[in-house]
Amino acid sequence: MKIKYKLKHIDHNARYGTIETNYGTFETPMFMPVGTLANVKTLTPEELKATNSAIILSNTYHLWLRPGEGVIDKAGGLHKFMNYDGPILTDSGGFQVFSLAEKKNITEEGVTFKSHIDGSKLFLTPEISIKVQNKLDSDIAMSFDECPPYPVSREYMEKSVDRTLRWAKRGKDVHNNPKQSLFGIVQGGEFEDLRKKSALETIKLDFDGYAIGGTSVGEDKPTMYKMIDDAIGYLPEDKPRYLMGVGDPVDIIEGVIRGVDMFDCVLPTRLARHGNAFTKYGKINLKNLKFKEDFTQVDECDCYTCKKYTKAYLRHLITCNETLGGRLLSIHNIRFLIRLTEELREAIKENRLLEYREEFLNNYTKNES
RNA sequence: GCGGGUAUGGUGAAGUGGUUAACACGGCGGAUUGUGGUUCCGUUAUGCGUGGGUUCGAUCCCCACUAUUCGCC
């Protein structure tokens, strides 16, 4: 079956709801950890679930190249392949074209670019992306869009938005996995009218949910928030809204306040591997000398890492490049964002979201320069 | 004991008779937003073994000492 979204409560523009999937129901707003290559880096599904994470994101482009969608199809789909029985959303590969293709050529038909693995020439189209996602058998597939860099001229963005709309239609036309939902993506950069157009035209195609894309590509925070504001008002109330690539705690709160239901980001796991941890009082870098003999826990937190390990030990692991360090910090950072969304949901239900934001920011910005 | 080589920051090392001593690693700090898993950026020697000497000037030349290393006895 397709996903089913139920809106249960609104505080300002923030929404508390649930999304029912073939692999269980979860509450929104929700943060999705990123598992690009069919795994959330360093973590087992059991460790992931212990953080109360409910849905993860994986990646079409990467799995298309390795091991290939045929392998995953033979394995019985992505869930079985990676031993994960929760819902999975797959990104279309549109962002990878933007982020890792050096020599790319975008035409109406699709995108030609070089493989990041062996440099061979690849051609990705909306049809290929959707067909691969059909085979991966994720619960939610994403439209193949163009994610233009920031900043870009208005002329370019206009053409890009129109092309992304045509690609969205082409992808939807070939989508044929009845168990899989398909989301459209709103683009338009920082141009208010293009965001509006992109939103209204995407909605006409009638997707199962809508994403706001083209954010967190180098713009400043006020611009990002404006991009959300410019698009989200046009999105239907009865479908989930997903802000792509956003995972800074403050940005998640700002997104939720504006009506976003889903987020994904590499930040918690990447920061973890680089020795950084989210805490109630701001982000800390465990590599700092001041933690060398700090035998307290990382944060006021209920995760496995905080319950069992000290900053000094984690600093030691990170300093020595031991993978356990990144793993333990991934557990904490993911739990931090999941717990943030749990608290946001409670705040929405109790109509005190703005108070929650103020309280959170008061603490979180304490140690930030 | 005799003969030769070498002595530069935490480490491995470049280098020059004349303002700021290369580079790498390490250290320290920062970055990171639909992940190309050990990434990127900044910073890090008032100092060239010790003591003399030559010179306007020495880390670079000379002498002694000390350390270290190789060979021989």
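Residue numbers begin at 1 in each chain, while the letters A, B, ... track the order of the sequences. Worth knowing before you read on, the calculation uses all heavy atoms, side chains too, and leaves out hydrogens, waters and symmetry mates.
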Are A:Ile72 and A:Ile117 connected in the hydrophobic side-chain network, where two residues link if heavy atoms are under 4.5 Å apart?
yes

Atom-to-atom span, CG of A:Leu37 to C1' of B:G34 - whole angstrom:
14 Å

Report yes if the side chains of A:Tyr234 and A:Lys196 come closer than 4.5 Å at any heavy-atom pair, otherwise no.
yes

Send over the distance from A:Ile284 CD1 to B:U32 C1', rounded to a whole Å.
16 Å

Ignoring backbone atoms, test whether A:His274 places a side-chain nitrogen or oxygen under 4.0 Å from the OP1 or OP2 oxygen of B:A31.
no

Identify the nucleotide, in any strand shown, that forms a Watson-Crick or G-U wobble pair with B:G10, with both distances under 3.5 Å; if there is none, say none.
B:C25

Base, sugar-phosphate alone, or nothing: which one does A:Ile185 contact when heavy atoms must sit under 4.0 Å apart?
base

Remember a base hit wins even if backbone is also touched, and classify A:Lys292 as base, sugar-phosphate or nothing at under 4.0 Å, heavy atoms.
nothing

Span that lies between the C1' atom of B:U8 and that of B:G47, in whole angstrom
9 Å

Using a 4.0 Å heavy-atom cut-off, does A:Asn276 contact any base of the nucleic acid, only the sugar-phosphate backbone, or nothing at all?
base

Test side-chain contact (heavy atoms from CB on, under 4.5 Å) applied to A:Val161 and A:Phe191, step by step
CA-CA 11 Å; A:Val161 162; A:Phe191 304 103; over 6 Å; no

Using Watson-Crick geometry (N1-N3 plus N6-O4 or O6-N4) or G-U wobble (N1-O2, O6-N3), each under 3.5 Å, B:C2 is paired with B:G71

Using a strict threshold of under 4.0 Å (side-chain N to carboxylate O), is an ion pair present between A:Arg335 and A:Glu342?
yes

Between B:U19 and B:G12, how far is it from one C1' atom to the other, in whole Å?
29 Å

Between B:U59 and B:C70, how far apart are the C1' atoms? Round to whole Å, please.
25 Å

Distance between C1' atoms of B:A31 and B:G5 (Å, rounded)
47 Å

With the side chain defined as heavy atoms from C-beta on, A:Asp248 is closest, among B:G34, B:U33, B:U32, to B:U33

Using atom P in both nucleotides, what's the gap between B:C63 and B:U54 to the nearest angstrom?
15 Å

Indicate, with a heavy-atom threshold strictly under 4.0 Å, whether A:Asn321 touches base, sugar-phosphate, or nothing.
base

Distance check needed: B:G34 P versus A:Phe98 CZ, whole Å only.
10 Å

By nearest atom, which of the nucleotides B:U33, B:G34, B:G27 is closest to the A:Leu267 side chain?
B:U33

I'd like to know if A:Thr215 reaches the base of B:U33 with its side chain, counting only an N/O donor and acceptor under 3.5 Å.
no

Strictly by Watson-Crick or wobble contacts shorter than 3.5 Å, is anything paired with B:C40, and which nucleotide is it?
B:G30

Does any N or O donor sit under 3.5 Å from an N or O acceptor when you compare the side chain of A:Asp251 with the base of B:U33?
yes

Atom pair distance, as rounded to whole Å: CG in A:Leu243 and C1' in B:U33
10 Å

Please pick, from B:U33, B:G34, B:G36, the nucleotide with the shortest atom-to-atom distance to any side-chain atom of A:Asp91.
B:G34

If you check every side-chain atom of A:Leu289, which of B:U35, B:C28, B:U33 has the closest atom?
B:C28

Taking the six-membered ring of A:Tyr16 (Phe, Tyr or Trp), confirm whether the NZ or CZ of A:Lys349 is under 6.0 Å from its centre and within 45° of its axis.
yes

Below 4.0 Å: OP1/OP2 of B:U35 and any side-chain N or O of A:Thr36
yes

Once you round it to whole Å, what is the distance between C1' of B:C40 and CG of A:Asn285?
14 Å

Test the A:Lys49-A:Tyr84 pair against the cation-pi criterion, namely NZ or CZ under 6.0 angstrom from the six-membered ring centroid and within 45° of the ring axis.
yes

B:G30 to B:G36 separation - P atoms, rounded to the nearest Å:
25 Å

What is the nucleic acid contact for A:Gly325, judged by heavy atoms within less than 4.0 Å: base, sugar-phosphate only, or nothing?
nothing

Atom CG of A:Leu317 to atom P of B:U38: distance rounded to whole Å?
17 Å

Counting just side-chain N and O atoms, does A:Asn39 come under 4.0 Å of either OP1 or OP2 of B:G37?
no

Which nucleotide, B:G30, B:U35, B:U33, lies nearest any side-chain atom of A:Leu57?
B:U35

What nucleotide, of B:U35, B:G29, B:A31, holds the atom closest to the side chain of A:Arg270?
B:U35

If Ile, Leu, Val, Met, Phe, Trp and Tyr residues are connected whenever their side-chain heavy atoms lie under 4.5 Å apart, and connections chain through other members, are A:Phe113 and A:Trp167 in the same group?
yes

Does A:Arg315 put a side-chain nitrogen or oxygen below 4.0 Å from OP1 or OP2 of B:C28?
yes

Using the C1' atoms only, state how far B:A22 lies from B:U55, rounded to an integer number of Å.
27 Å

Does the distance from a Lys or Arg side-chain N to an Asp or Glu carboxylate O, for A:Asp173 and A:Lys169, drop under 4.0 Å?
yes

N/O (side chain, A:Asn288) to phosphate O (OP1/OP2, B:C28) under 4.0 Å:
no

Rounded to whole angstroms, how far apart are CG on A:Leu43 and P on B:G37?
16 Å

A:Phe291 has an atom CZ; how far is it from atom P of B:G30, in whole Å?
9 Å

Determine the minimum heavy-atom distance between A:Ser115 and A:Leu65, stating which atoms define it.
OG-CD1, 3.9 Å

Go nucleotide by nucleotide along RNA chain B from the 5' end; which of A:Leu271 and A:Asn59 gets its closest nucleotide reached first?
A:Leu271

Side chain of A:Lys287, heavy atoms from C-beta onward: which of B:U39, B:G37, B:G34 has the nearest atom to it?
B:U39

In whole Å, measure the gap between the C1' atoms of B:G51 and B:A14 for me.
27 Å

By nearest atom, which of the nucleotides B:G34, B:U38, B:G27 is closest to the A:Met244 side chain?
B:G34

Classify the nucleic acid contact of A:Gln187 as base, sugar-phosphate or nothing, counting any heavy atom under 4.0 Å across all strands shown.
base

